[in-house]
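First comes the structure, then the notes that go with it.
What you see below is based on every heavy atom in this structure, not just the backbone, and it leaves out hydrogens, waters and symmetry mates. Whatever order the structure lists ligands and atoms in, that order sets their numbers, starting from 1.
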Amino acid sequence: MAEKLLSRYEELKAQVNFHNYRYHVLDAPVISDVEYDRLLNELKQIEADHPDWIQADSPTQRAGAKPSEKFEKVRHPAPILSLANAFGADDARAWLERVKKIDDRVEKAKFVVEPKIDGLSVVLHYRDGMFVQGATRGDGEVGEDITSNLRTVRAIPLRIPVNSEKLSVKAPSYLVVRGEAFIPIKEFEELNKKLEEAGEKTYLNPRNTAAGSLRQLDPVLTASRPITLLVYQIVHAEGGNVPTSQWEILQYLKSLGFPVSDIPKRFNALDEAITYTETFQTGRNALPYEADGMVIKIDDLTLAADLGFVGKDPRGAVAFKFPAREVTTTLLGIDVEVGRTGVLTPRAQLEAVEIGGVVVRNATLHNFDYIEEKDIRIGDRVLVKRAGEVIPYVIGPVVDARSGKEKTYKPPAKCPACGQAVEHFEGEVAWYCVNAACPAQLVRNVEHFVSRGAMDIAGLGIKIVIQLIEAGMVKDVADLFTLKKEQLLELEGFAEKKAENLLGSIEQAKGQSLKRLLAALGIHGVGEVMAGDLSQTFGNLSALSKVSADELQQIDGVGPNIAASIVDWFAQPANQKLLKKLKAAGLDPQVQKAESKTQSGAFSGMTFVVTGTLPTLSRDGAKEFIESHGGKVIDSVSKKTSYLVLGENPGSKFEKAKSLGVKIIDEAELRKLAG
Ligand code: IVH
């Protein structure tokens, strides 16, 4: 009975391990999750009844005991070597020329091209087919024993075939292999998304995450990270034979059940190998994991070994590096740019560094919240990324590299260009400089001011705008209206005719409507439509400049944020000065007929609020009546309301009008007033 159960147990172990392999190594499961769970549960039940049967190769034993406070040291059975780099095809050819001189067998060499995965190099030991130890590379001689963590990596076989007569493939009794542990890009992005949703700190990049997860002391945490592995080398073998060419090693490792990349190819000539390598550089063959290059290896491992090393780099292989897209450098400082809309953008000043063949000295930091969230400090080593044509950006600090001298950054309280206090709008991340005369914004302000949807000044393109500003002739938009012909003639490219034409169109613009002028001023949240509504409701700039946020919110589409932004704009001394200058230059538009009916008539300049049911006029009828006599109808009562028109069953507006002392009339009186 017990014998039968024991063989069932062995069978279950083998099955669960097999399905793990199908799922985590081949990425091709043959049973559903439910079926898998059923097998695993049966296995767990047997182990619960017979704990003495449990061995290290049981799939239930992946996350086992924690190591004590620190990792033990492991001496590698052979040096864990590094690779020399080649930057480009010429470099790779030069490598081959060098090694040809050392050994003429190289003339006939074949080459294997493999991806160079950017992960953590690990060394796995198998004794009699059992995974007994896993270590980091360390200094190449001695690494750290991270067995407990590596056991949680499902792609690592806990057992490999060995010593059985029946097996067509079997491993030596002691086999040590090397591979690269990593997190695939997609899994990394999903992990970060999950962390973000849970309000937790996100990780910088797959490499650091994989390395960090494997080099901390809690295997349960390692198990929760989507770490996988690809194996590419036999470091040591005893008690059995292994192939002697790299190509055969890869096939052999695969047949033992190790995860092996399917990208490697073998070539008869270096140039073919280089061509294959380069296809991965262009993004045509996007790899699902981060790779910093491809490795070109001499296939004949005996020859490769005979070539010897230079330091820790074997002569028999070379890393063909891709241009890096992510590098670390020092954050020297942060300066602030005032953008086109007055938005302040922090920009990193970096110690010059090459990324993907371009020297980078600046990178964006997105916004001030980003700096705080990522805890980026001046003096930090920072990770900078440049992907495709995109502007480089700072991913975050390398916290481990801190010396303690780094300084936290405080966003500026004042605009670096004009010195005016910066503003923040509720619900937005950005900080703004709202000074319309801020020199940093002047070009874009003037450009916007003269544009078609705004003051529509023909003949005033961006080039001339810049000329005028650089010559000091235009310091704010009001200066446009006092330009003299003699001044224009001083500018390059201006002759009589051109100057006259421009002055003509500027003169014409003085007659533009309030709506256009409002839209032209570039007040945050005030586009063409809003400008139209404001001009209809308030009639002129001086009225608008005195309006309260509450009153503004009576207008359709004006919420507290836009209301605050408008009030704030008019409150700025610099903007008040600008309005005065515009007025002095002849720009003080009152609402024009085409835009509103409020211009002429008995009610011109008056505002009305209607409440309750009027005897004859409907709500719309009353509005039409008032507007046809030049008045305006607004929704809520303020001190500035001229009249409250009272009907039956009035609402709260009646009380408010009374308390504010607003004149109250009925429909008959309204008709009388209209004459
Ligand atoms: S071969 C003699 N092959 O790259 C063997 N290394 O910059 C020398 N790496 O430390 C290494 N993928 O961690 C080799 N297919 C691959 C690799 C690879 C990634 C890493 C490895 C090594 C580093 C050298």
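- With atom 7 (O) of ligand 1 as the reference point, the heavy atom nearest to it among Lys116, Glu114, Lys321 is part of Lys116.
- Side chain of Ser58 to backbone of Gln55: no donor-acceptor contact under 3.5 angstrom is found.
- Remark: distances from the non-hydrogen atoms of Ser82 to ligand 1 include one below 4.0 Å.
- Nearest to atom 13 (O) of ligand 1 among the protein's heavy atoms is Glu180 OE1, 2.9 Å.
- Closest to atom 14 (C) of ligand 1, if we only count protein heavy atoms, is Tyr232 CE1, 3.3 Å.
- When each atom of ligand 1 is checked for a heavy atom of Ile117 under 4.0 Å away, the hits are 12 (N), 19 (C).
- Checking Arg62 against Thr152 by side-chain atom types alone, no donor-acceptor pair falls below 3.5 Å.
- The side-chain heavy atoms of Leu256 and Leu175, taken from C-beta on, include a pair separated by under 4.5 Å.
- Taking only nitrogen or oxygen atoms, main chain and side chain alike, Leu83 does not reach within less than 3.5 Å of ligand 1.
- Defined by atom type and a distance below 3.5 Å, a donor-acceptor pair is missing between the side-chain atoms of Ser7 and Glu10.
- Of the charged side-chain nitrogens involved, at least one lies within less than 4.0 Å of a carboxylate oxygen, so that Asp292 and Lys321 count as a salt-bridged pair.
- Ligand 1 lies nowhere less than 4.0 angstrom from a heavy atom belonging to Ala291.
- With contacts defined as side-chain heavy-atom distances shorter than 4.5 Å, the pair Tyr289/Ile183 does not qualify.
- When every heavy atom of Asn362 is checked against every heavy atom of Gln349, the shortest pair comes out as ND2-CA, 4.0 Å.
- The residue from Phe131, Tyr126, Tyr252 that alone fulfils the ring-ring contact (aromatic ring centres under 6.0 Å, His included) condition with Phe258 is Tyr126.
- Contact between Ala319 and ligand 1 is absent, with no heavy atom of the residue lying under 4.0 Å from the ligand.
- Ligand 1 places these atoms under 4.0 Å from at least one heavy atom of Leu81: 8 (C).
- Residue Gln233 has no N or O atom closer than 3.5 Å to an N or O atom of ligand 1.
- Nearest protein heavy-atom neighbour of atom 3 (N) of ligand 1: Lys297 NZ, 2.9 Å.
- The protein non-hydrogen atom at the shortest distance from atom 2 (C) of ligand 1 is Pro314 CG, 3.5 Å.
- Residues Tyr174 and His236 bring their aromatic ring centres within 6.0 Å.
- Ranking the protein heavy atoms by distance from atom 10 (O) of ligand 1 puts Arg178 NH2, 3.0 Å first.
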